Amino acid sequence: MSVYKKLRSVLFKLDPENAHYLAEIFLKSVSTSSVLQEILANQFCYENEILHNQICGLDFYNPIGLAAGFDKNATMVRGLCALGFGFLEVGTLTKHAQNGNPKPRLFRYLQEESLQNAMGFNNQGALKAAARLAQIYPYTLPIGINLGKNKSIPTQDALKNYEEVLCDFLSLGDYYVFNLSSPNTPNLRDLQNVSFVKELFMMAREHTNKPIFLKISPDMPKDTMLSVCEQAILCQASGIIATNTSVDYTLLWGTRDFGGISGAVLKSKSAEVFESLAKAFFGQTILIAAGGIDDAQEAYKRIKMGASLVQVYTGLIFKGPALCKQINQEIAQYLQRDGFLNLRDAIGVDLK
Ligand SMILES: Cc1cc2nc3c(=O)[nH]c(=O)nc-3n(C[C@H](O)[C@H](O)[C@H](O)COP(=O)(O)O)c2cc1C
C-alpha cells in the first residue's frame, strides 16, 4: 500500500471539509519553511525540458495545474508549488469575505472517486488574499486568480462586483479567471450569456492586458456554450477553461440534488464539452481542460485534443500528492513514444 493510501484511510475517516482543513494546516506550514519546501520538492517535482511551454507570455515548466477551489484564500501557495504543479489557480475570491453555504457542503463518493460540493465561494475576501499574495510576489510559478461574484450582490450589480474584485488583484495575478460557472451561487450561471460576457471582458480590458480566461460549466446546451465562448474570444479573452463541476445528478447514483459533481464521473462529460470547444476554437484561443482528469492518459488525451494546459482537483484528493509528478513523467514518456520533441507539438494534433 502506498504511503498516501495509508494516510488517505485516516483522512477519509474525517468529514471531507475537516480533512481539507488538516491538509491546509500542513501546506500552510510548508509555505513558511524553505526546508520543508525543499524536502517536498525533491519528492514531488519532476523536471523535463520536453514539458516546457510558453503560453500567453508565461513560462510553464509543465502543463499540470491545480484547479480553483483548493486554495481559496491563497494561504498555501508555496507549499503547493512544492507538489510539482506547473501552475496554480487560487480562489474563487470575491470582493467581500463570505461564509459560503451551510455545512455539510462537501461529500465524498469513494467508489466513484468523485466529490460533490456546494461550498458557495467561502473565502476571506479579496483584500486579505491580496495582502498574502503581495508578500510572495513575484511567484516561482504562474499563479492565476479566480474571481467570483458575492452572493449578496444582485445580478444587475454583478459587473461592478467583478470589476472591484479584479482591481484588487491588478498587480498580483499572472492570469485571471472569470468564474461564471459555479452552481453554488444562486443565478451565477445565468451570467453565462453573450451580453454579460461581452460587458465583462470589455470592462476587464480597460484595466489589464494580462491573460484573462473564462471558466465555463459543462451543463450548457452546446450552442449556448459556443456562442458565449465566441463572444468572450471576440472581446479579448485569452482563453477558456472547460469545465467547472456539473449539476447533472444522473452522473452519480444516490447523489444529493444540490451542489456540483467533480472527479471520475465527470470525466466523459467534461471531455465531450472540451472536444466541442476545441473543434470550434482551437488555434484561435488558449484552451485549458479541467474535469475528471486524474491520470496521464486523460491529460494527454485532452492535450492532443487541444488543451495547452490541464487542471486537476478531485484526482489529487483521491490519488494524493504524487499525482502531478506521475502524470508529468508519463506524459513525457508518451511524447517520446509518439515522436514529439516538445509538448507544444502535441497540442491539438488529434484535431488536425
Ligand atoms: C471542493 C471543491 C471546491 C471548488 N471550488 C471552486 C471554486 O471556488 N472556483 C472554481 O472555479 N472551481 C471550483 N471547483 C471546481 C474545480 O476547480 C474543477 O473545475 C472541477 O472540480 C472539475 O475538476 P476535477 O474533476 O479535477 O475536480 C471546486 C471543486 C471542488 C471539488
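Whatever order the structure lists them in is the order used to number ligands and atoms, beginning at 1. Remember, predicted model here, so these are calculated numbers, not experimental data.
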May I ask you to check whether Y162 and F178 place their ring centres under 6.0 Å from each other?
yes
The atoms of ligand 1 lying under 4.0 Å from a heavy atom of G292, numbered in the order shown, are 24 (P), 25 (O), 26 (O)
State whether E298 and K301 are salt-bridged, where the test is any N-O pair (Lys NZ or Arg NE/NH1/NH2 against Asp/Glu carboxylate O) under 4.0 Å.
yes
Report the nearest protein non-hydrogen atom to atom 22 (C) of ligand 1: residue, atom name, distance rounded to 0.1 Å.
G291 CA, 3.6 Å
Checking N122, N150, T185 against Q98 for side chain to side chain donor-acceptor pair (under 3.5 Å), the one that qualifies is N150
Under 3.5 Å between any N/O of G263 and any N/O of ligand 1: does that happen in this structure?
yes
Which of the atoms of ligand 1 are close to L115, meaning less than 4.0 Å from one of its heavy atoms?
31 (C)
Nearest-contact summary for atom 1 (C) of ligand 1 - protein heavy atom, Å
Y313 OH, 3.4 Å
I need the nearest protein heavy-atom contact for atom 18 (C) of ligand 1: residue, atom name and distance, please.
K215 NZ, 3.8 Å
Which residue from V265, N117, V90 reaches closest to atom 29 (C) of ligand 1 through any of its heavy atoms?
N117
Quick one: look up the protein heavy atom nearest atom 15 (C) of ligand 1 and list residue, atom name and how far away it is.
N244 OD1, 3.4 Å
Between L266 and P218, what is the shortest heavy-atom contact and its length?
CD1-CG, 4.2 Å
Just wondering, do C229 and L277 contact through their side chains at under 4.5 Å, heavy atoms?
yes
Among all protein heavy atoms in this structure, tell me which lies nearest to atom 28 (C) of ligand 1, with the distance rounded to 0.1 Å.
A68 O, 3.7 Å
Which of the atoms of ligand 1 are close to N146, meaning less than 4.0 Å from one of its heavy atoms?
10 (C), 11 (O)
Backbone of G84 reached by a side-chain donor or acceptor of N62 within 3.5 Å
yes
Drop me the distance from N146's CG to N179's CG, to the nearest 0.5 angstrom.
4.5 Å
Grab the two heavy atoms, one from M305 and one from F274, that are nearest each other, plus how far apart they are.
O-CE2, 3.8 Å
Provide the number and element of each atom of ligand 1 under 4.0 Å from a heavy atom of T243.
19 (O), 22 (C)
Checking a contact table here: which protein heavy atom is nearest atom 21 (O) of ligand 1, and how many Å away?
S262 CB, 3.2 Å
Taking non-hydrogen atoms only, is T314 closer than 4.0 angstrom to ligand 1 via side chain, backbone, both or neither?
both
Give the ring-plane orientation class for F87 versus F60, where under 30° counts as parallel, over 60° as perpendicular and anything between as tilted.
perpendicular
Taking 4.0 angstrom as the limit and counting only heavy atoms of G69, give me the atoms of ligand 1 inside it, by number and element.
4 (C), 5 (N), 6 (C), 7 (C), 8 (O)
For N179, take its heavy atoms, then give the atoms of ligand 1 lying under 4.0 Å from any of them.
9 (N), 10 (C), 11 (O)
Of all the heavy-atom pairs spanning Y46 and A332, show the shortest one and how long it is.
OH-CB, 3.8 Å
Under 4.0 Å, heavy atoms only, figure out whether ligand 1 is touched by the backbone of T92, its side chain, both or neither.
both
L93 and V165: which non-hydrogen atoms are nearest, and at how many Å?
O-CG2, 3.8 Å
Return the closest protein heavy atom for atom 20 (C) of ligand 1 as residue, atom name and distance.
T245 CG2, 3.9 Å
Find all atoms of ligand 1 within a distance of less than 4.0 Å from any non-hydrogen atom belonging to L106, and give their numbers and elements.
1 (C)
After noting the C-alpha distance and the side-chain angles of T75 and R132, does the key distance pass the side-chain contact (heavy atoms from CB on, under 4.5 Å) rule?
CA-CA 7 Å; T75 55; R132 247 173 232 133; 3.6 Å; yes
To which protein heavy atom is atom 8 (O) of ligand 1 closest, and what is the distance rounded to 0.1 Å?
K72 NZ, 2.9 Å
